[in-house]
Amino acid sequence: MPMVRQWWLSNKPKRRIALRPVIDQRNRQYHFEVVSGDAIDFDPSQGTTGRLSARCLVCEQTVEATYLQQEGQEGRIEEILLAVVYVDQASTSKQYRVAAQSDYEILGELETELAQLLEGNDQSLLSIPNESLPYLRSIFNVHVYGITEWGQLFNARQVFVALKFIEKIQEAYKQITQVASEEYAQAIVTYLALSLDRLIEYNTTSCVWQTGSEAITPTFGRQALPMIWDYVEVNPFSGSIGDWEKNLQRTADVIQHCARTASKAADIYHGTATRLPHNHSSLSAVITDPPYYDAVPYADLSDFFYVWLRRSVGNCYPDVFETPLTPKSTEIVQLAERNTLYQHKDKEFYEEQLTEAFREANRVLVDSGIFVVVFAHKSTTAWETLLNSLLQAGLVVTASWPLHTETSSRLRSHGSGSLASSIFIVCRKRVADHEGVFDDVSTALRVRIRDRLDFFWSQGIRGADFFISAIGPAVEVFGRYKTVRKLSGEVVSVSDLLTLIQEAVADYALGQIMNGRYRMGAVDAPTRFYVMYRWSYGKDKLTFDDARRLAQALGAEVGELIHRLGLLKQSGEDVNLLGPLQREKVERLGERGREGADVPLIDLVHRAVLLWREGDRMALANYLTTHAMGREDALRAVAQALVNVLPDGDRERQLLEGFLVGQDNLPPADMGREVRLPGME
């Protein structure tokens, strides 16, 4: 039963190539063929695997994910080579063919050579990494399929390639020391080892073939290890992206670039952020990119590279590579919910240690020094923690700049806690000694936010990045005071500050999205929430707490959005926003209740586009006359706003566009007909 997500090999607009399974039902067998253009008479996007199940090509039987996990843990999942991509020398374009018998023979020969390589060398230097690979919920999921060691991420050919390169690096070290110093030899083989680590990242069973660009995405296209069923590997001497020469050249380019940045060599210290090896008031600037709360398991990710470096250059740095894996006990991240192995790394641990690290930075700064923090997380909870730590450490934000730091192709940017922009927060030592009154501070804060939002909007910053970009300017105002109090005497918390920021940004952004016609008070709260969620997060999930904060800022109740309106669906600690297609079976969607109260505009929009999809123009005309009378202009404005924020090709956007185009050409209403939707009976 081949496990394949989809059958596309190339899915470019003018270059469609697919691998077609050919089923022999009589003999219960199958084989594959490469087809292109008009010969693609099936849907290549429909593979055999889904998120929770897999389907047999021959018998069409479906198995659950739990069965696959059990098979993996029992070691009964094997590999088959499906296709080969190569370059036609005549046209220099990529070509595809099905795997041949000779390909399988080469694989068999490599398994034999790998065994001989392992037997004929020192196992302490040349060995398959058997160090433990942990399970981290929602980040490292390969563990549930029986992949519990780092070496299990590689097939025999990939392991052979890695070990053969390591063997040559060790030989190079010996040869260089015969003509140069050991220090020089150590430097050269270190660069070679770093290049090899990059090559290894392109040669695992977690690499993905991108059909839209016909290119390979390496293991950490996103900072996680999900189970990849249909992977791709690169020929290390092919001349393609990810091969040895290109990785070596990349290393050389970095060396050359760094050599040009300064004439003085840098001093590098190996230590911890909570104990800096510097005197009080000795540095003019401290710049840090701290861990993003619970989003990225940095030390565990580094183990992927560490286990290979330990084999390639561990003998050059015995003190550095003394432990089997990277040390993790003091790493400042929150992973308690991911694995009980890290149960001490909870929210309190992260906050305490982050504050301690910021205090240490404050200690070593001169009075006029600056402290720069780079942060990129969607979660307001993560930002609340960061800001609290800065304030408790005696630091105040004086400027902030969103910089676009992530590529659009980076997989981590989709459906994750990461932003497309990183926020560079500039801080100084906090010297304020007087208190502020919240009413006065909030007025100044709104003026400052408005000024910066105009600039950020003009620079093309949108969505979640826009929300987060406003935090810095707001904290600039907030940090002018030792504390800010309400008239009641209660201290204004960072949480209160973030809510105020969200309210101000939502009002500004809603006005921009809806072309200045509707602001916060002119559109009902659930509709405001829906539009702003789609604009900020698209189809991504959101933590319940962040959804609650966003709803609160927009005047909505998250409980009502989930339970009464069915706009949100909760799954564990996360929520997803439901579009019209997911709300099709909501009873009496978009209809006034017995009390005759107006329903949210978003319900009207969703019911209207569903009727439009059914093609019953009379039913749509009747519905709008009955339930949207007097609100047609607002309904159209909301629909147009959603069209503006949804991406091209999105199904919801297509429905909205169709409705907007056809609304003016509806027949006169016939109030004798009842308006129902399929599935609502």
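Atom CD of Q343 has 12 or fewer neighbouring heavy atoms from other residues, nucleotides or ligands inside a 6.0 Å radius. Around the NZ atom of K569, the shell of radius 6.0 Å holds no more than 12 heavy atoms that belong to other residues, nucleotides or ligands.
When side chains are defined from C-beta on, V599 does not count as touching H627, because their heavy atoms never get closer than 4.5 Å. Within the 4.5 Å cutoff, the side chain of E360 has no heavy atoms near those of the T274 side chain. With a 4.5 Å cut-off on side-chain heavy atoms, V638 and L635 do not count as touching. The shortest distance between side-chain heavy atoms of P226 and V142 does not fall below 4.5 Å. In this structure the side chain of L646 reaches within 4.5 angstrom of the side chain of E652, judged on heavy atoms. Put simply, the side chain of D616 does not reach to within 4.5 Å of the side chain of L611, judged on heavy atoms. When side chains are defined from C-beta on, L354 counts as touching P290, because their heavy atoms get closer than 4.5 Å. Residues L601 and R631 form a side-chain contact, since some pair of their non-hydrogen atoms from C-beta on lies under 4.5 Å apart.
For R137 and E337, the salt-bridge test fails: no basic side-chain N is under 4.0 Å from an acidic carboxylate O. Here R583 pairs with D603 in a salt bridge; the nearest charged N to carboxylate O distance falls below 4.0 Å. Residues E632 and R636 are not paired through a salt bridge, judged by the lack of any N-O separation under 4.0 Å between the basic side chain and the carboxylate. The pair E557-R548 does not count as a salt bridge, with every side-chain nitrogen at least 4.0 angstrom from each carboxylate oxygen. Taking 4.0 Å as the cut-off between side-chain N and carboxylate O, R528 and D524 do not count as a salt-bridged pair. Between K482 and E435 no salt bridge is recorded (no basic side-chain N to carboxylate O distance below 4.0 Å). Checked for salt-bridge contact, R549 and D545 meet the test: a charged N lies under 4.0 Å from a carboxylate O.
Looking only at distances, a side-chain donor or acceptor of T398 sits under 3.5 Å from a matching main-chain atom of V426. Checking side-chain atoms of R363 against main-chain N and O of L276 turns up a donor-acceptor pair under 3.5 Å. Without hydrogens or angle criteria, T527 side chain to I602 main chain gives a donor-acceptor distance under 3.5 Å. Using a distance-only test at 3.5 Å, with no hydrogens or angles considered, a donor-acceptor pair links the side chain of S442 to the main chain of F438. Of the possible polar contacts, one joining the E331 side chain to the A299 backbone as a donor-acceptor pair under 3.5 Å is found. Panel note: side chain K486, backbone V437; no donor-acceptor pair is recorded below 3.5 Å. The closest donor-acceptor contact from the side chain of T340 to the backbone of A336 lies at 3.5 Å or more, if one exists at all. A donor-acceptor contact shorter than 3.5 Å is absent between the side chain of Y350 and the backbone of T385. With hydrogens and angles disregarded, a donor-acceptor distance shorter than 3.5 Å links the side chain of Q570 to the backbone of G572. Checked by atom type and distance alone, the side chain of E351 never pairs as donor or acceptor with a backbone atom of E348 at under 3.5 Å.
The CG atom of D294 sits 12.0 Å away from the CG atom of D346 when rounded to the nearest 0.5 Å. E384 CD to I471 CD1: the interatomic distance, rounded to the nearest 0.5 Å, is 10.5 Å. In this structure, L510 CG and L554 CG are separated by 8.0 Å, a value rounded to the nearest 0.5 Å. Note: L225 CG to L301 CG = 7.0 Å, rounded to the nearest 0.5 Å. Interatomic distance, H434 NE2 to T483 OG1, rounded to the nearest 0.5 Å: 10.0 Å. Atom SG of C427 sits about 9.5 Å away from atom CD1 of I370, to the nearest 0.5 Å.
Residues L620 and A608 share a closest heavy-atom pair of CD1-O, 3.6 Å. Of all non-hydrogen atoms in K429 and N362, the two that sit nearest each other are CE-OD1, 2.9 Å. When all heavy atoms of F349 and S329 are compared, the closest pair comes out as CZ-O, 4.2 Å. Contact between L561 and A556 at its shortest, heavy atoms only, is CD1-CB, 4.2 Å. When all heavy atoms of G555 and A525 are compared, the closest pair comes out as O-CB, 3.3 Å. Residue L656 comes nearest to V609 through the heavy atom pair CD2-CG1, 3.6 Å, listed as atom of the first residue, atom of the second, then distance.
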Begin with the C-alpha distance, continue with both residues' side-chain angles, and end with the deciding distance and a verdict on side chain to side chain contact (heavy atoms under 4.5 Å, CB included) for V374 and I425. CA-CA 6 Å; V374 183; I425 305 170; over 6 Å; no

L550 and Y537: CA distance, side-chain angles, deciding distance, side chain to side chain contact (heavy atoms under 4.5 Å, CB included) verdict: CA-CA 11 Å; L550 180 61; Y537 307 106; 4.1 Å; yes

Output, in order, the C-alpha distance, side-chain angles, deciding distance and verdict of salt bridge (Lys or Arg N to Asp or Glu O under 4.0 Å) for D650 and K539. CA-CA 10 Å; D650 182 87; K539 300 296 178 70; 2.8 Å; yes

Criterion side chain to side chain contact (heavy atoms under 4.5 Å, CB included) on Q512 and L453, from CA distance to verdict: CA-CA 11 Å; Q512 295 287 349; L453 291 183; over 6 Å; no

Which is it for K541 and E573 under the salt bridge (Lys or Arg N to Asp or Glu O under 4.0 Å) test, yes or no, and what are the steps along the way? CA-CA 10 Å; K541 64 184 179 181; E573 299 176 357; over 6 Å; no

Going through the distances and angles, do V492 and R485 end up as a side chain to side chain contact (heavy atoms under 4.5 Å, CB included)? CA-CA 5 Å; V492 177; R485 295 183 182 273; 5.8 Å; no

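At least one cation-pi condition fails for R452 and W457: the charged atom is not both under 6.0 angstrom from the six-membered ring centre and inside a 45 degree cone around its axis. Geometrically, R607 engages Y623 in a cation-pi contact, judged by NZ or CZ lying under 6.0 Å from the ring centre and within 45° of the ring axis.
The six-membered or imidazole ring of F371 lies near that of F358, with a centre-to-centre distance under 6.0 Å. Taking the six-membered ring wherever Trp is involved, the centroid distance between the rings of H606 and Y530 falls below 6.0 Å.
Residues D546 and T543 have side chains that bring a donor and an acceptor to within less than 3.5 angstrom of each other. For the 3.5 Å distance criterion, the side chains of S493 and D496 qualify, holding a donor opposite an acceptor. For the residue pair Y342 and D300, a side-chain donor N or O sits within less than 3.5 Å of a side-chain acceptor on the partner. Between the side chains of N388 and Q392, no donor-acceptor pair is found at a separation under 3.5 Å.
Ring-plane geometry between H143 and Y135 is classed as tilted, the angle between the planes lying from 30 to 60 degrees on a 0 to 90 degree scale. Below 30°, between 30° and 60°, or above 60°: for F529 and Y533 the angle between ring planes is between 30° and 60°, a tilted geometry.
Among residues two or more places apart in sequence or in another chain, the side chain to side chain donor-acceptor pair (under 3.5 Å) test is passed with K328 by D303, T326.
Under the side-chain contact (heavy atoms from CB on, under 4.5 Å) test applied with L445, the options V475, V477, D440 reduce to a single match, V477.
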